[in-house]
Amino acid sequence: MTQGQIPIDEYQTGNTKHTWDHAKIKNARKTLAAYHYTKGTVQRGYANRTLAVDLSTLSITEKPVTEDMKRLFTGGRGFGLKLLWDAIQPTTRWNSPENELIVTTGPLCGITQYPGAGKSICLSISPSTNTICDCNVGGFFGPYLKFAGFDALEIQGKATEDVIVVIDGEAGAVSIETAPLEETDSHLLAEQLTHLHATEATESSRQKVSVISSGTGAEHSYWGCLNISFYDIRRKCARMKQAGRGGLGTVLRDKKVKGIVVKVEHVDGLGNHPADPEKLAAVGTKIHREIRDLDRYQCNMRAVGTGHLVEIMDAYDLLPCENYRFGTFPKASKLYSPKFYALFTKIIPDGCWHGCTLACAKTVDGYTVHTGPYKGQKVTVDGPEYETIGACSNMSLWDPQWVLEFNFYCDTYGIDTISAGTATAYYMEMYEYGILNRDRCDGLELCFGNAEAVLELLHRMARGDQGAFLQIASKGIRRVKDWILKNGWGPRELVEDCGMESKGLEYSEYVTKESLAMQGGYGLTLKGPQHDEAWLIFMDMVNNAIPTFKDKAEALHYFPMWRTWFGLNGLCKLPWNDIEPADNAQTSEPPKVPEHVQNYVDIQNAVTGWQVTKDDIILQSERCYNWQRAMNVWMGRGQRKDDWIPYRSMGPVTETEYVSRKDRYDAQLVDKLSISKQELEKLEIPKRMQILYEYRQNQYQKLADAVYHRRGWTPNGVPTPQKMKALGFTDTRMLKMLQQKIDADEKAGLNEWGGKYTGDEKPPTGVKRYWERNGH
Amino acid sequence: MKTNNTYQMHVCDQRGLCLDLCPVGALSRRKNGVVLLDAKVCVGCQACVAFCPLGAMRKAPTRIQPFKCISCGSCVRACPTKALSLEDVPLENNRQDVYHKQGV
Ligand code: SF4
Ligand code: SF4
């Protein structure tokens, strides 16, 4: 063997081996409902039916996918929104029985020729935000769901005892079964269910099973994530990707579902029956070659995954440190990608779906857990990815071993690393100011950098600890803010401004203080502050490529629409711009990566047989995006007030922060606010902060004005019936609802622009109710 | 393919860099050193086609699974002018060229 490959059969992770009595576990189960369906074939990307499982009534049904549904909603997240619209009420909350957990696929989901085509899009009403949350997640579930026969799965109602849902694409059967003896925590449960449901005791059989699970942490917090498994035939374990944001795992456990299992009979390269397989293979091979030749000089994803971002963010003052107070930190180099590269297992195709040669899904194998209930076990840690490392820098944890420990427990307990990290960082800052203390934190010493306390917080949460702090802290920053304020422990501005949440969801891990467009990228969003809608920091702050409000608004139109498209199709965003063609910089619009956009147009056509253009695919997204915003409005959560963001994301909340970037802030006061240097000298720092505060708050409101206008919404951020009709929607219930909201806003005086405009500045338009004008 | 005044074949030398790329284990090395593609297992992702440094893994229009030379010698026997032969040639270790070259 000249090249020293890892022989598939021989590779050992060194992980602790688990054996379970399969017969005993199976015998303890009761089948509550069973359903047999006729197996079908996927045609041009669509299975053409969806599956609904009701845990309250124990009914299992199929629904056809209509041509209209494809035309208006495309698939994936679009289908999810349509199904939710038909199922819930505006008053539905995360724990209402009629709330659904939806897993969807999308027409390109499951192709293997183009990298990043195995995403499942999960939706539900989030406990954190009380509105729709969507997550785009890897693992094999989405492709397998489709190959088993369904474009989407709706889980409705609530079970009365712990259950699993099994979709057996081999037998053509769906069942709801009680699951009294199964594990709950994911690193055990995913492995257990994979072994239990694999047709044969072989690696390739296990690879045909995928499991959705969560964990004990999800039961006792609002941060529950869904773990989607993908069996690794080399590591011989069920690895997992997380649908992290918004508490979807909390919904899963609230419905008393321990796991959802899907199994397929067979996987091949043409399971989608694409219209033009040759085209698909040709476009795929082209980008695989790009990745082969260029990845190591660009993002180095194949070697270190998204962790390569840590050093870049640190260099550009964007890495969140100590609750986003700072964007760089002296100890940050301890978490740079070479440190994790040293720990990752190498030379394994680490795609989270077949054919992803960008292969960012790295793992540390044989990691010895050193705290909590699994102490001493050797496990595979999936990750850490950039966001998890950023969550740790935010808490000032600078030891890779603690990052792994945090990552492992969050995953197995079913907790979102981002929300847990961002929230804990906030609690730590409040602790530093004495607003929280040991007493108020149930004895936890939550100082920045105290890794033991962070893990202890997770363990107690997973155990369902009844302490007053644990009960509130596990529900996230928004609830803790209210709790602190109710108790009168701290000044309102400080408490509100430091806590990095918007719409009730914790921020993901980028410092946005110096990029107005990125503040919009977090605030003017559908589900809350997650960077998946737009990442504009470099365009805005570093390259100054979008200087005016109009430019920023255009970017905050195009990029959210473009990025939404991945979720409509079951795709990963990363192979779009985390690898770029060698001549990308010479194209007319490098940030859009035009050649890759064309690839996507080509592959959608190659699979579906349509003949769409690059404008058509933006239109597909625009429909879905507006529909989701309209549903948010319907639920009372989609207006200007809901796009509020904390000042920590806009500028310096404390003097320490101001002083840490004094030159930059002082210069802005001089350049942007025409304060002379002499005047500035006379101003105390708090006064300077006050002026900057007002300026930046107003900038954000002006940005919202420009963006709402560009998106065709009212000044209060409501999509208009006119806009919806132009997009092709005729649903009268939707159109009527929007009109009523707009009329109510008119009465309340809310159809006014939010920015204060002085001098020759102007709002986007002076025309009242401009959307009613013809031709708009 | 013509280079200078001799010809070169784009043919698999059984170095097997593709073995580590296959997500489903469709590629394996036989005891005699030959790398085989099991078309029943292959999911047609084209990773091996694109990553092969020799361009020796190829895709035919008739099916999604690629194909490659398995050193069976048919071409040697078929060549009318006896221009081809099958030989054992030692390889240099060139794994670094393909994987994780970055010196992190
Ligand atoms: S780029 Fe990473 S996250 Fe995206 S599909 Fe590939 S392995 Fe999965
Ligand atoms: S094309 Fe087939 S043999 Fe080649 S890497 Fe993909 S699955 Fe393996």
Side-chain angles (χ1 to χ4, degrees), chain A residues 1-9 111-115 117 203-204 207 230 232-234 267-271 274 277-278 280-282 284-293 295-297 300 302-304 308 336-342 346-351 353-357 359, chain B residues 13-35 37-55 57-67 88-104:
Chain A
M1 208 160 297
T2 43
Q3 306 301 332
Q5 298 92 358
I6 296 182
I8 295 179
D9 301 335
I111 60 170
T112 59
Q113 294 77 25
Y114 203 85
E203 295 301 295
S204 76
Q207 204 182 20
F230 56 115
D232 186 326
I233 55 174
R234 289 172 173 83
V267 185
D268 65 34
L270 298 176
E278 281 315 294
L280 209 49
T285 305
K286 183 177 71 163
I287 189 162
H288 287 315
R289 289 224 164 96
E290 241 167 75
I291 292 170
R292 175 190 74 182
D293 297 337
D295 175 58
R296 72 187 73 144
Y297 307 112
N300 206 22
R302 287 178 56 76
V304 296
H308 75 275
Y336 283 5
S337 63
K339 301 286 191 253
F340 289 101
Y341 181 73
K346 296 153 190 89
I347 322 287
I348 282 187
D350 281 321
W353 169 241
H354 302 329
C356 189
T357 45
Chain B
D13 60 10
Q14 316 301 344
R15 66 182 62 201
L17 294 167
C18 55
L19 292 173
D20 294 331
L21 281 158
C22 182
V24 288
L27 296 162
S28 61
R29 190 187 289 284
R30 284 301 166 95
K31 278 200 199 73
N32 63 2
V34 171
V35 175
L37 187 157
D38 184 342
K40 285 201 288 302
V41 178
C42 168
V43 295
C45 71
Q46 315 301 319
C48 55
V49 174
F51 273 66
C52 177
L54 304 178
M57 184 70 86
R58 297 206 223 142
K59 159 95 180 62
T62 45
R63 62 169 206 187
I64 199 73
Q65 301 94 333
F67 68 94
D88 248 332
V89 183
L91 284 173
E92 280 169 44
N93 188 341
N94 63 348
R95 204 170 118 212
Q96 287 300 315
D97 293 342
V98 179
Y99 300 111
H100 314 318
K101 197 179 180 188
Q102 216 236 6
V104 280

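Chain letters run A, B, ... following the sequence lines, proteins first and then strands; every chain starts at 1. All values derive from a computational prediction rather than experimental measurement.
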What residue, out of [options], has the most heavy-atom pairs lying under 4.5 Å from chain B?
options	result
Asp295(A), Ile291(A), Thr357(A), Asp293(A)	Thr357(A)
Lys339(A), Glu290(A), His288(A), Lys286(A)	His288(A)
Pro115(A), Ala281(A), Pro277(A), Cys356(A)	Ala281(A)

At a 4.5 Å cut-off on heavy atoms, which part of Gln113(A) comes close to chain B: side chain, backbone, both, or neither?
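It is both, since atoms from each part get that close.
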Which bit of Thr285(A) comes within less than 4.5 Å of chain B, counting heavy atoms only: side chain, backbone, both or neither?
both
Verdict with supporting geometry, Arg234(A) and Glu203(A), salt bridge (charged side-chain N to carboxylate O under 4.0 Å, His left out)
CA-CA 9 Å; Arg234(A) 289 172 173 83; Glu203(A) 295 301 295; over 6 Å; no
Which pairs of donor and acceptor atoms, one on a side chain in residues 43-51 of chain B, lie under 3.5 Å apart (sequence neighbours left out)?
{"from": "Gln46(B)", "atom 1": "NE2", "to": "Gly44(B)", "atom 2": "O", "distance (Å)": "3.0"}
{"from": "Gln46(B)", "atom 1": "NE2", "to": "Ile64(B)", "atom 2": "O", "distance (Å)": "2.9"}

Using modelled atom types and a 3.5 Å cut-off, is there a donor and acceptor pairing between side-chain atoms of Trp353(A) and backbone atoms of Ile111(A)?
yes
Side chain of Arg58(B), backbone of Gly55(B): donor and acceptor closer than 3.5 Å?
yes
Quick one: of Pro61(B), Cys42(B), Gly33(B), Gly25(B), who has the most non-hydrogen atom pairs under 4.5 Å with chain A?
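Highest number of pairs under 4.5 Å: Pro61(B).
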Partners of Asn32(B) by side chain to side chain contact (heavy atoms under 4.5 Å, CB included), sequence neighbours excluded?
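For Asn32(B) the side chain to side chain contact (heavy atoms under 4.5 Å, CB included) partners, ignoring immediate neighbours, are Arg30(B), Val34(B).
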